[in-house]
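Below: one structure, written as structure tokens.
Bear in mind that the values here come from a model prediction, so they are computed numbers and not experimental data. Lettering follows sequence order; numbering is per chain, from 1.
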Amino acid sequence: MILRLSTAFFQTLREAPADAEATSHRLMLRAGLIRQVAGGLYTYLPLGWRIIQKIEAIVREEMDRSGAQEILAPILQPAQLWEETGRIRAYGPELMRLEDRHGRAFVLGPTHEELFTDLVRGVIRSYRQLPITLYQIQDKFRDERRPRFGLLRGREFIMKDAYSFDCDEEGMAASYEAMYQAYVRIFARLGLDTRAVEAQQGAIGGTGGSHEFMAIAPIGEDEIVYCDACDYAANVEKAQGVPSPLPAASSRAETVGQVSLPGVIETGAQAEALGVDRAYVLKTLLYEADGQPIAAILRGDHTLNEAKLAAALGVAEVTPLSEERVRKLLPKATHGYIGPLGLSEQGVGLFVEPDVMALPYAICGSNEEGFLRCGLRPHQAFADARILDLKEVYAGDPCPSCGAPLAAAHGIEVGQVFKLGTKYSAPMGAVYLDEAGQQRPLYMGCYGIGVSRIAAAVVEQSHDEDGIVWPMAVAPAHVHVVIVDMQNEEQRVMGEHLAETLSASGYEVIIDDRQEHAGVKFKDADLLGIPLRMTVGRKAGEGIVELSRRRDRKTVELKVEEIVGIVARLFGENS
RNA sequence: CGGAAUGUGGCGCAGAUGGUAGCGCGCACGGUUCGGGACCGUGAGGCCCCGGGUUCAAGUCCCGGCAUUCCGACCA
């Protein structure tokens with residue numbers, strides 16, 4: 001393959017558009033790989049599309065190797081399928097909905113569990129046909145509340161999604177393991193620094209367990225904690241809290257009664273004013289889950305993790321209770337003085353963090369402006385409440401599996417695998433007959449990889465001040481031949497010859513045959529980040545070209561005849 | 001969804017008190033250059049986001065939309 005820049009649909013930008021913030025977004029725009037169409041929507045230009053295809057090829061190879069079979073389903077799906085599982089409501093506002101001319105409801109698939117389950121239930125009859133794993137690589141739609149960071153969070157994006165179907169839990173676990181291993185191979189081949197972490201099941205659901213594959217990068221929107229002493233690693237949305245030590249209390253917290261503390265709203269300030277440890281001042285957070293008011297109760301020194309609360313309740317998300325509803329519920333309370341007492345009588349579900357139950361007594365809001373209540377006995381007050389691990393886990397907290405301090409990092413979620421169990425097969429009636437002739441629901445798993453996001457994640461992990469540094473595996477080409485002076489016949493001929501030779505040997509070549517100054521060509525080459533650059537310049541007459549490696553700028557002069565051998569060697573090193 | 005900022009040639013920006021739009025880069029043509037974003041000259045290119053309004057006159061002031069971006073959406 002030879003791509004000529006003189007005729008390519010290709011343009012670099014000297015300056016990135018002012019509203020591009022993320023490094024990968026800026027560099028991909030500047031390098032002429034993508035163009036924005038609207039918020040969260042991008043067109044992949046020829047070189048950008050090559051990158052996507054490289055990623056897809058690796059994903060496809062490893063999927064096929066694992067035994068999965070590729071299909072292609074429609075993006076547009078009848079909403080009715082989503083009614084069957086109830087996800088039409090549960091998925092929330094991120095689901096793109098639309099109607100056809102007859103007023104029939106459709107959705108643009110953000111994921112395809114229903115579609116694939118529907119497909120398989122129409123085909124699979126017997127355990128003899130199982131197990132089976134199907135996948136596709138296709139556009140997905142999510143009506144993001146805030147698309148951002150270029151390809152990292154778009155409204156339309158490319159995803160590989162796979163679904164496994166097994167007879168039972170053990171089969172499902174084996175399919176899951178096979179996919180997990182395929183993912184490990186995929187991210188290794190892509191050259192991404194990735195870490196698998198325990199994850200929340202979220203809107204996809206299921207109960208069997210889930211792992212996310214996180215590309216480590218500061219811009220990552222997910223926070224993970226991991227243990228260097230053992231192999232524990234989890235998204236903070238999932239990270240298990242361990243009991244915190246009990247700080248020394250004061251009699252102030254123990255003595256039953258009201259205390260007036262007007263204008264002190266925050267638990268830290270309240271604790272200080274009362275001379276007690278902050279742990280003893282409870283925070284009562286009012287939320288709404290599926291329209292129902294609920295209260296989360298934590299120690300003052302702890303932070304609520306909303307994702308844990310939502311997961312425990314089995315809803316997609318929880319939102320803070322609106323001010324109007326709070327006023328209706330607790331007319332006399334204001335900001336800072338909300339407490340748990342009397343809430344359950346009003347139908348508010350109470351969810352209490354275990355560390356709260358460990359407190360012998362505590363201080364909480366009185367539900368009346370300006371007053372706190374002291375001497376609350378959690379084990380009595382919350383006798384009927386649900387006890388839930390709700391607190392945020394931070395770097396330095398003890399590892400739940402070995403106790404060593406946890407480390408934290410930001411990650412870009414590039415893949416996730418789920419054990420779904422019968423979450424979709426049961427409501428949708430996807431069943432098979434076992435050896436005994438018994439009808440049983442299929443056990444499913446689902447497995448996603450964010451193909452377009454990976455391109456951006458690679459750039460986030462691999463760039464310098466001059467531009468992108470593509471790993472060989474996903475680079476839009478292997479070698480970038482720069483003809484320094486197009487007026488010079490010798491250089492032109494040699495450049496063309498080189499490109500032909502390399503291409504004939506199976507390498508993908510970009511040749512810069514534009515009528516541009518050397519400086520422009522070098523700058524563009526750096527920006528574009530092809531792993532190997534071959535410069536045909538003033539020594540062309542002596543049969544010498546210059547080979548330089550983008551990654552470390554290491555440069556050597558070579559005789560033309562040596563080129564193919566050297567490239568082969570460097571290619572083997574996965575430059 | 002809440003808050004904020006910004007919308008002026010392809011990109012980056014400037015356009016005090018309202019007076020009919022400019023700079024740099026890019027683009028086209030000519031010439032000189034030719035190994036790290038060259039130089040000189042000439043030129044093309046703008047519904048100033050959209051819709052109302054005020055005014056003799058609106059890029060500029062007022063109202064309403066739309067779009068893009070950023071921050072937030074744990075201390076109730």
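- Across all strands shown, B:G26 remains unpaired; no Watson-Crick or G-U wobble contact has both distances below 3.5 Å.
- Straight-line distance from the CZ atom of A:Arg533 to the P atom of B:G36: 11 Å, rounded to whole Å.
- Looking at the side chain of A:Arg148, the nearest of the listed nucleotides B:C34, B:C70, B:A38 is B:C70.
- A 3.5 Å limit on both hydrogen-bonding distances identifies no Watson-Crick or G-U partner for B:G59.
- Once rounded to the nearest 0.5 Å, the distance linking OG of A:Ser452 with CZ of A:Arg153 reads 12.0 Å.
- Base pairing annotation: B:C47 forms no Watson-Crick or G-U wobble pair, as no partner gives both donor-acceptor distances under 3.5 Å.
- Of all nucleotides listed (B:U69, B:C27, B:C70), B:U69 comes nearest to the side chain of A:Asp19.
- No contact: A:Asn305 has no heavy atom under 4.0 Å from any strand.
- Counting atom types as modelled, A:Glu546 pairs a side-chain N or O with a base atom of B:G35 as donor and acceptor under 3.5 Å.
- Taking atom NE2 on A:His480 and atom C1' on B:G36, their separation rounds to 13 Å, with Å as the unit.
- Contacts of A:Tyr337 with the nucleic acid, taken as non-hydrogen atoms under 4.0 Å apart, are absent.
- Considering only side-chain N and O atoms, A:Gln36 lies under 4.0 angstrom from the phosphate OP1 or OP2 of B:U69.
- Judged by distance alone with a 3.5 Å cut-off, no donor-acceptor contact links the side chain of A:Arg538 to the base of B:C34.
- The NE2 atom of A:His25 sits 8 Å away from the P atom of B:U69 (whole-angstrom rounding).
- With a 4.5 Å cut-off on side-chain heavy atoms, A:Glu557 and A:Lys539 count as touching.
- Closest to the side chain of A:Arg155, out of B:U68, B:A73, B:C75, is B:U68.
- Spacing of P atoms, B:G59 relative to B:C71, comes out at 34 Å, to the nearest Å.
- Listed nucleotides B:G35, B:C13, B:C34 differ in distance to A:Ala18; the shortest reach to its side chain belongs to B:C13.
- Pairing of B:C70, defined by two Watson-Crick or G-U wobble distances under 3.5 Å, is identified with B:G3.
- In this structure, CG of A:Asp512 is placed 19 Å from P of B:C34, rounded to the nearest angstrom.
- Nearest to the side chain of A:Phe522, among B:A76, B:G24, B:G35, sits B:G35.
- Side-chain N/O atoms of A:Ser210 and A:Lys238 include no donor and acceptor closer than 3.5 Å.
- Pair check for B:C75 finds none; no Watson-Crick or G-U wobble contact set falls under 3.5 Å.
- Computed from coordinates, the A:Glu516 CD to B:C39 P distance equals 14 Å when rounded to whole Å.
- Donor-acceptor pairing under 3.5 Å, judged by distance alone, is absent between the side chain of A:Arg26 and the base of B:G12.
- Residue contacts shown for A:Gly365 are absent, as no nucleic acid heavy atom lies under 4.0 Å away.
- In this structure the side chain of A:Lys559 reaches within 4.5 angstrom of the side chain of A:Ile544, judged on heavy atoms.
- Classification of B:A57 as anti follows from a glycosidic angle more than 90° from 0.
- Here the nucleotide nearest the side chain of A:His517, chosen from B:U68, B:G35, B:U33, is B:U33.
- A side-chain donor from one of A:Glu212 and A:Asn235 sits under 3.5 Å from a side-chain acceptor of the other.
- The partner of B:A38 is B:U32, by the rule that a Watson-Crick or G-U pair needs both atom distances under 3.5 Å.
- Taking the P atoms as reference points, B:G15 lies 15 Å from B:C23, given to the whole Å.
- Side-chain atoms of A:Val356 and A:Phe382, non-hydrogen and from C-beta on, do get closer than 4.5 Å to each other.
- Distance, A:Leu45 CG to B:G10 C1': 14 Å, rounded to whole Å.
- At a threshold of 4.0 angstrom between heavy atoms, the contacts of A:Leu298 with the nucleic acid are absent.
- Put simply, A:Arg146 has a side-chain N or O that comes within less than 4.0 Å of OP1 or OP2 on B:C71.
- The nearest heavy atom of RNA chain B to A:Leu285 and to A:Lys523 marks one nucleotide each, and the one closer to the 5' end goes with A:Lys523.
- B:G2 and B:A58 have their C1' atoms separated by 33 Å, with the value rounded to a whole Å.
- Atom CG of A:Leu390 sits about 13.5 Å away from atom CZ of A:Arg299, to the nearest 0.5 Å.
- At the heavy-atom level, A:Ala16 lies under 4.0 Å from the strands shown only through sugar-phosphate atoms.
- Nucleotide B:A14 forms no Watson-Crick or G-U wobble pair with any nucleotide shown, as no partner meets the under 3.5 Å limit on both distances.
- Nucleotides B:C39 and B:U33 have their P atoms positioned 16 Å apart, rounded to a whole Å.
- Using a 4.0 Å heavy-atom criterion, one finds that A:Arg30 contacts the bases of the nucleic acid, with or without backbone contacts as well.
- Between A:Thr7 atom OG1 and A:Arg514 atom CZ the span is 11.0 Å, to the nearest 0.5 Å.
- The C1' atoms of B:C13 and B:C1 are separated by 33 Å, rounded to the nearest whole Å.
- Of the residues near RNA chain B, A:Arg35 and A:Leu286, the one whose nearest nucleotide (by heavy atom distance) lies more toward the 5' end is A:Arg35.
- Side-chain contact check for A:Tyr361 and A:His379: no donor-acceptor pair (N or O, by modelled atom type) lies under 3.5 Å.
- Of all nucleotides listed (B:C34, B:U68, B:A76), B:A76 comes nearest to the side chain of A:Val326.
- Contacts of A:Arg514 with the nucleic acid, taken as non-hydrogen atoms under 4.0 Å apart, are absent.
- To the nearest 0.5 Å, atoms CG (A:Leu558) and CE (A:Met534) are separated by 7.5 Å.
- In this structure B:U20 sits in no base pair that meets the Watson-Crick or G-U test at under 3.5 Å.
- For the pair A:Asp464 CG and B:G36 P, the computed distance is 19 Å after rounding to whole Å.
- Atom C1' of B:G12 sits at a distance of 24 Å from the matching atom of B:C50, rounded to the whole Å.
- B:U55 and B:A16: their P atoms are spaced 23 Å apart (whole Å).
- Atom pair A:Glu288:CD and B:A73:C1' shows a separation of 14 Å (rounding to whole Å applied).
- Within the nucleic acid shown, A:Gly537 comes within 4.0 Å of at least one base atom, counting heavy atoms only.
- The nucleotide whose nearest atom lies closest to any side-chain atom of A:Lys283 is, among B:C11, B:C75, B:U33, B:C75.
- When the P atom is used for both B:A14 and B:C49, the distance is 14 Å, rounded to whole Å.
- Heavy atoms of A:Thr535 sit under 4.0 angstrom from at least one base atom.
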